[in-house]
Amino acid sequence: MPFAFCTRERLPWTEFAESAENGATTKFCQELAKKHNMVIVSPILERDESHGDTLWNTAVVISNTGAVLGKTRKNHIPRVGDFNESTYYMEGNTGHRVFQTAFGRIAVNICYGRHHPLNWLMYSINGAEIIFNPSATIGELSESLWPIEARNAAIANHCFTCAINRVGTEHFENEFTSGDGKKAHHDFGHFYGSSYVSAPDGSRTPGLSRVSEGLLIAEMDLNLCRQTCDKWNFKMTGRYEMYAEELARAVRPDFQADIVRE
Ligand SMILES: NC(=O)NCCC(=O)O
């Protein structure tokens with residue numbers, strides 16, 4: 001399925017939506033996970049039949065036993081440049097769940113969620129040792145941010161992060177705009193790949209190619225999460241109660257910013 005979410009064409013693309021628990025993609029990945037003794041993070045367009053056929057942007061996590069461990073949904077829906085996905089699916093309602101796998105505790109921060117430091121933080125507060133960030137994004141929009149955000153999240157949250165982006169260009173027969181004043185066009189631009197893995201100490205792997213598909217194999221010593229935590233104490237010094245109180249005030253309709261003026 002092409003990356004179609006911003007063309008505003010619902011058909012035929014929504015016909016690819018499938019159940020997270022029993023869909024064809026999940027069944028296919030279950031077989032592979034068991035056969036190769038690996039955990040699979042499988043991003044899909046989810047159709048939620050028990051809730052009015054709602055569409056979600058969902059990642060299914062499949063255990064190395066072949067069982068469906070669970071699913072997690074995209075929390076932040078982009079409304080930027082050509083990436084306006086708000087007509088496709090709803091903001092996720094699964095919070096920041098973390099999956100205990102045979103190889104470590106993992107979480108999935110889907111695509112645009114990587115621009116939100118609190119999103120990374122909450123996966124980490126729930127105990128994630130590795131946070132995956134499956135993405136589909138293009139050069140003009142975000143390539144300058146790409147090497148920084150997931151790497152910074154690994155440092156700030158004492159965990160590993162995996163920044164994953166696709167490569168290629170999709171051509172759509174019908175022109176589309178995103179209401180951003182730009183001319184109608186047939187493609188989003190180039191998806192620049194450049195996937196990489198970052199460690200809690202700030203080190204990272206080289207990136208994969210920005211033009212061709214690749215496979216990145218990285219060995220992660222999960223002890224580094226706690227070792228870095230004990231060195232820097234970002235969690236211990238986080239003052240979360242202070243932020244919780246201030247944020248609770250900031251979201252109230254009667255909030256007044258605390259600015260001192262002469
Ligand atoms: N698919 C998606 O969320 N893309 C948004 C673009 C970006 O976050 O760079």
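Below, each value reflects all heavy atoms present in this structure, side chains not excepted, and no hydrogens, waters or symmetry copies. In each ligand, atom 1 is the first atom listed, and ligand 1 is the first ligand listed.
If you look at ligand 1, the protein residues with a non-hydrogen atom under 4.0 Å away are F3, K74, P78, F83, E85, C111, Y112, R114, H115, A136, T137, L141, S142.
Seen from the ring of Y192, R210 does not count as a face-on cation partner, given the 6.0 Å and 45° thresholds.
Remark: aromatic rings of F3 and F172 are distant, center separation not under 6.0 Å.
Across all non-hydrogen atoms, the minimal contact from T161 to R151 is OG1-N, 4.3 Å.
For the salt bridge (charged side-chain N to carboxylate O under 4.0 Å, His left out) condition, the pairs that include at least one residue of residues 158-175, sequence neighbours left out, are R166-E170.
In this structure, the salt bridge (charged side-chain N to carboxylate O under 4.0 Å, His left out) partners of R79, at least two apart in sequence or on a different chain, are E91. In this structure D82 satisfies the salt bridge (charged side-chain N to carboxylate O under 4.0 Å, His left out) test with no other residue, sequence neighbours excluded.
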